[in-house]
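Computed from a prediction, not measured in an experiment: that's the story for all the values here. Protein chains get the first letters and strands the later ones, always in sequence-line order, with residue 1 at the start of each.
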There are 2 protein chains.
Amino acid sequence: MTGGVAVRQPYLTVGDLARASGVAPSAVRFYESHGLLTCERTAGNQRRFGKSDVCRTKVIRVAQRVGLSVAEIKALLAELPADPVLADWERLTISLMAEVNHRIRQLRSVLDEIASGEELCHLPPVDRAS
Amino acid sequence: MTGGVAVRQPYLTVGDLARASGVAPSAVRFYESHGLLTCERTAGNQRRFGKSDVCRTKVIRVAQRVGLSVAEIKALLAELPADPVLADWERLTISLMAEVNHRIRQLRSVLDEIASGEELCHLPPVDRAS
DNA sequence: CCTTGACTTAAACCAATGTTGAACTTCTAG
DNA sequence: CTAGAAGTTCAACATTGGTTTAAGTCAAGG
């Protein structure tokens, strides 16, 4: 019979994950210490990440470009199970996109506020296009 | 004959400006120390701001909501003369609006990147609307 | 077995954007 | 003239998002 013990998915060291996702090892440790990433430990106390953490980390960077704080990203990633399947990633990207759209709408409302002129400097309104 | 010496426009103390523009006095001092605002000094070394600094300060806060750093706002305000006329304010708001539109475009490109799925997590693309 | 590179933690440091406090001065109204 | 409100400077603190460094441990190849 083929073995009974759970097959380990490919485990990554801090450096592996950092290289694979394009961040510094110190950033990986920072994210883990702030709960954005989780990992197991070897007998010698070294971190071992799963393969999906490469995607997680890439999502973290994109979310930061959108303007989310580490706390907000943590909340966002809380939706994502430890071993995500395709549908989980899809739900995550949809949440993230909703957030981006929200930020875009906010910027548009600032734009309207500026364009209306009045509130800021008693100016006559201006065409708000680029 | 009507007087020869320049008539002083209404001068504002730190507290006056803070109240009028809705920021803390410490923030006013911070902006002045970083060159976003300029002021004269009384014989006793106290700051006196012009009336237009109320608008300047409001612009600073709006620019911050847009995501500009203090350094960027300083650059933006460098366009604005010490005693701005309407056209100066208009040019400023147009610059600021261009900046907002730029940030909106950036967010839209992040949105496309997320929606395309591929690069982030090898996902199939997703409808990128809200 | 031993060397070497990668890992560990903790703490210090950085830049940005202010706030807070101490100690002192100035301004203004009565 | 004098009390009290509001101003001054300087330095320390707070928060965010990490990086750097020190001192020491682990893992893997020869």
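Computed from coordinates, the A/Leu17 CG to C/dC7 C1' distance equals 14 Å when rounded to whole Å. Between B/Lys74 atom NZ and C/dT17 atom P there is a gap of 12 Å when expressed in whole angstrom units.
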Working for salt bridge (Lys or Arg N to Asp or Glu O under 4.0 Å), residues B/Arg91 and B/Glu79: CA-CA 8 Å; B/Arg91 261 186 284 106; B/Glu79 295 177 18; 5.4 Å; no

Which pairs, protein N/O on one side and nucleotides 2-4 of chain C N/O on the other, fall under 3.5 Å?
none

Check nucleotides 26-30 of chain C for protein N or O atoms closer than 3.5 Å to its own N or O atoms and list the pairs.
{"unit_1": "C/dC27", "atom_1": "OP1", "unit_2": "B/Thr42", "atom_2": "OG1", "d": "3.1"}
{"unit_1": "C/dC27", "atom_1": "OP1", "unit_2": "B/Gly44", "atom_2": "N", "d": "3.2"}

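Only at 4.0 angstrom or more do the heavy atoms of residues 53-61 of chain A sit from any atom of DNA chain C, so none qualifies. For DNA chain D, no neighbouring residue in residues 18-25 of chain B is found when judged by any heavy atom under 4.0 Å. Interface residues of residues 63-73 of chain B facing DNA chain C, ordered by number: B/Gln64, B/Ser69, B/Val70; criterion, heavy-atom separation under 4.0 Å. DNA chain D is contacted by A/Ser26, A/Ala27, A/Phe30, A/Tyr31 of residues 26-38 of chain A, taking any non-hydrogen atom closer than 4.0 Å.
OP1 or OP2 of D/dG7 sits under 4.0 Å from a side-chain N or O of B/Thr13. For the pair A/Arg47 and C/dT8, the criterion of a side-chain N or O lying under 4.0 Å from OP1 or OP2 is met.
Checked by atom type, the side-chain pair B/Thr13/B/Asp16 shows a donor-acceptor distance below 3.5 Å.
Tested against A/Tyr11 for a side-chain hydrogen bond (donor to acceptor under 3.5 Å, both in side chains), the candidates A/Arg47, A/Arg48, A/Glu40 yield a single pass: A/Glu40.
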